[in-house]
Structure formats: C-alpha cells, structure tokens
**Q** 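Let me begin by handing over the structure; questions about it come next.
Starting from 1, each residue takes its place in the sequence as its number. A quick note: this is a predicted structure, and the numbers were derived from the prediction, not measured.
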Amino acid sequence: MELVLYNSAHSTCSQKVRLVLAEKGLDFRDVQIGNDRVTLPQPRHTTPPVPRMVPTLLHGSNQIIGSSSIAEYLDEVFPEPPLVPWRPDARAEMRSWLRFVENMVMPAVQYPSAQRVFNAPAAAPDASATLRGRLQPTRATYMARMRGRHVREEELNVAIAELREAAAQLNLALEDGRDWIMGGQITLADLFVAPVLDRAEDLGLDLLDDTGLEAARDWFRRVRRRASYHAAFYPGSRLSELFDLASPPPGTGVGMGTMFI
C-alpha cells in the first residue's frame, strides 16, 4: 500500500514525520499543502473527531492525523528499525519527551517563528500564501489571532527561557555519555527534538551556545550527520529559504530586536 504524506516542507511537525519515514527507509508520496491545487483530505469518521491538519498520512484505507500519531503508527506497522524502546518503562519515558516537545517546546518556538513569517520580506513568490495561515489549517486561527500583535517583552522572555530550559533538559539527559536521548538507540524522542532546534537556529536563536551544553551540541551534530536528516530537510524546509530573515519589515523601521507576530 502506498504511503501518502500531506505536509508542508517548512513545518516542524512535518519534518518530524519525514525524519521517521527516512529512518525507516520508507518510500512515500510527498504532497505539499503549499500548492494552491492541493487541499487536505477530509478526516474520515474518527472517535473523537479530529480537525484537518498538517501532517496527515494516508496508508491504504487508513488515515492518520498529527505527527505523534503518525510516528507511532509507522513504528508499529513498520517495526524495523525500531524507533520506540521495547521496555514499557523506557517507552513511557520516551513518550514523556514527546509530550514535553508538544506541550512546551513547540508553543514556545511559535513566537519567533510567527514574528519572522508576518514581518519578513518574502524571498519566494509563494511564501506569503504558504506561510501566513491560509494554507495551514491547523495554525490559521492562531496566526490570525497573533498577526500584527506586539509581543510583550515578558512574553518573549518566557518563550526563550522555555526553549533554553528544553536545551538544558536535553543536555541533562545526554551528559552521562549516551549517544541518544534514550540511550544507545535513536528513538522518536531524538527525531521530535531535532526539528525544533533546527528551526530555532534558522531564526538566529542558538539554544546550544551556553557553556555546559557540550553533550547536547554533540548530539545535534550526530543527528545532522544522519542520512535521514538530509532526506527530511530538503530545499524549502527552512524559513530562511522563503524569507529574508536578516531584514526588518520594509517601511516599518523595526529592527530585529523588536518582535511582532
């Protein structure tokens, strides 16, 4: 059965799934939602009901929505190589990392991401339509609510502090010399953390520059050397390829130190 992934090149959630597919060595049809002629499939009957969102995976008659659900589905249906620990306690710990990324790290990185999207000059003809909410159903409401709103300094500080706390937690997990978050085996935890660090770096936020984060820096270098990383982060996967992130919005006089989203 063919695997069809409805996704966006620059979406961190899509990048997680593409990393999993690449680690598994699975061929799939890559359907980019940034194309005006492409729309997300309507969700089939599910309990509880779920909205249309990026990414969505079609596998025969199965429709799986959301990066975490897709990643765990792929590991169960295609068990080799395994990306989930076999011991129940280790699986629970790994899933705690997934929730940590989803509930704290992803919301935090949305603030600088949205600022760049709404204020940077487009470097590609379709960048505005692709990134400003019209073609991203899961984020359209969030983007519409945040567009043009000045981010208070305390809000920005909290977001950056949470991202730096995540980097510190990553380093803490790795400082015993292990290669991967869960030990000697790369897992979904590694594949979910990496896209967030890549996004932050792309936005000019080096979360691993603090003294004492050597273990996390070494881990990120290991992740980036893997063939799966190059397969998942193909051209167009970073905001800097679509927007001039070094320039303030034209005519605003706003420098990069001022955040608007």
Side-chain angles (χ1 to χ4, degrees), residues 10-13 15-16 19 23 83 85 90 92-117 119-120 151-230 232-233 237-241 243-248 254-261:
H10 63 274
S11 156
T12 52
C13 289
Q15 290 158 3
K16 297 175 198 173
L19 281 169
E23 285 287 338
L83 294 175
E93 182 181 350
M94 185 210 71
R95 288 182 176 123
S96 293
W97 273 95
L98 304 191
R99 302 296 90 77
F100 175 64
V101 171
E102 293 169 345
N103 297 330
M104 188 181 102
V105 185
M106 291 294 295
V109 84
Q110 283 181 0
Y111 281 87
S113 297
Q115 182 271 335
R116 300 298 201 251
V117 166
N119 293 292
V151 177
R152 297 188 302 273
E153 183 177 0
E154 57 268 28
E155 291 179 305
L156 180 59
N157 289 340
V158 167
I160 293 176
E162 288 180 342
L163 291 171
R164 293 201 176 277
E165 173 62 21
Q169 289 297 319
L170 172 64
N171 194 78
L172 185 63
L174 296 161
E175 65 182 5
D176 62 359
R178 63 181 64 188
D179 284 340
W180 308 109
I181 291 174
M182 295 305 303
Q185 169 194 354
I186 193 169
T187 68
L188 298 182
D190 303 280
L191 305 182
F192 272 47
V193 172
V196 178
L197 291 179
D198 192 284
R199 167 62 62 82
E201 183 179 278
D202 190 43
L203 297 173
L205 297 172
D206 187 352
L207 301 179
L208 303 179
D209 61 349
D210 288 350
T211 302
L213 297 181
E214 290 83 2
R217 285 195 293 271
D218 289 344
W219 168 88
F220 199 29
R221 283 192 286 267
R222 281 192 294 276
V223 175
R224 285 181 147 174
R225 286 197 296 264
R226 296 180 75 85
S228 62
Y229 205 84
H230 299 284
F233 285 85
S237 296
R238 294 180 174 91
L239 294 182
S240 59
E241 297 175 82
F243 285 85
D244 180 5
L245 301 185
S247 300
V254 178
M256 294 306 288
T258 304
M259 302 289 284
F260 290 94
I261 56 175

**Q** Looking at Ala216, is its backbone amide N or carbonyl O close enough to the side chain of Asn171 to form a donor-acceptor pair, meaning the two atoms are under 3.5 Å apart?
**A** yes
**Q** Within a strict 4.5 Å, meaning less than it, do heavy atoms of the Leu191 and Lys16 side chains meet?
**A** no
**Q** Nearest 0.5 Å, what's the CG-CZ distance between Leu174 and Arg217?
**A** 12.5 Å
**Q** Once rounded to the nearest 0.5 Å, what's the spacing between atom CZ of Arg199 and atom OG of Ser240?
**A** 10.0 Å
**Q** With side chains defined as the heavy atoms from C-beta onward, is the minimum distance between Leu98 and Val101 less than 4.5 Å?
**A** no
**Q** So, does Asp206 use its side chain to make a donor-acceptor pair with the main chain of Glu201 at under 3.5 Å?
**A** no
**Q** CD of Glu175 to CG of Asp218: how many Å apart, nearest 0.5 Å?
**A** 12.5 Å
**Q** Ignoring hydrogens, what is the shortest heavy-atom contact between Gln185 and Pro85? Give both atom names and the distance.
**A** OE1-CA, 4.3 Å
**Q** For residues Arg178 and Met182, report the shortest heavy-atom separation together with the two atoms involved.
**A** NH1-C, 3.7 Å
**Q** How long is the gap from OG1 on Thr187 to CZ on Arg95, to the nearest 0.5 Å?
**A** 11.0 Å
**Q** Using only atom types and a distance under 3.5 Å, with no angle test, would you say the side chain of Gln15 pairs donor to acceptor with the backbone of Ser237?
**A** yes
**Q** Any heavy-atom pair between the side chains of Asp209 and Arg164 that's under 4.5 Å?
**A** yes
**Q** Taking C-beta and beyond as the side chain, do Asp198 and Tyr229 meet within less than 4.5 Å on heavy atoms?
**A** yes
**Q** Is the shortest heavy-atom distance from the side chain of Met104 to the side chain of Arg99 under 4.5 Å?
**A** no
**Q** Name the orientation class of the two ring planes belonging to Phe100 and Trp97 (parallel below 30°, tilted from 30 to 60°, perpendicular beyond 60°).
**A** perpendicular
**Q** Asp202 side chain to Arg238 main-chain N or O, any donor-acceptor pair under 3.5 Å?
**A** no
**Q** How many angstroms lie between CG in Asp190 and CD1 in Ile181, if you round to the nearest 0.5 Å?
**A** 4.5 Å
**Q** Using every non-hydrogen atom in the two residues, find where Phe192 and Pro195 come nearest and quote the distance to one decimal.
**A** O-CD, 3.6 Å
**Q** Using every non-hydrogen atom in the two residues, find where Ala159 and Ala108 come nearest and quote the distance to one decimal.
**A** O-CB, 3.6 Å
**Q** Report the distance from atom CG of Leu19 to atom CD1 of Ile186, rounding to the nearest 0.5 Å.
**A** 8.0 Å
**Q** For Trp219, does its backbone N or O pair with a side-chain atom of Asp179 as donor and acceptor, under 3.5 Å?
**A** no
**Q** Tell me the closest heavy-atom pair linking Leu213 and Leu208, and the distance in Å.
**A** CD1-CA, 3.9 Å
**Q** I'd like to check His10 versus Glu241 (side-chain heavy atoms, cut-off strictly below 4.5 Å). Are they in contact?
**A** no
**Q** Are any of the side-chain heavy atoms of Val193 and Leu170 separated by less than 4.5 Å?
**A** yes
**Q** Flag the pair Arg224 / Phe233 as yes when at least one side-chain heavy-atom distance between them is below 4.5 Å, and no otherwise.
**A** no
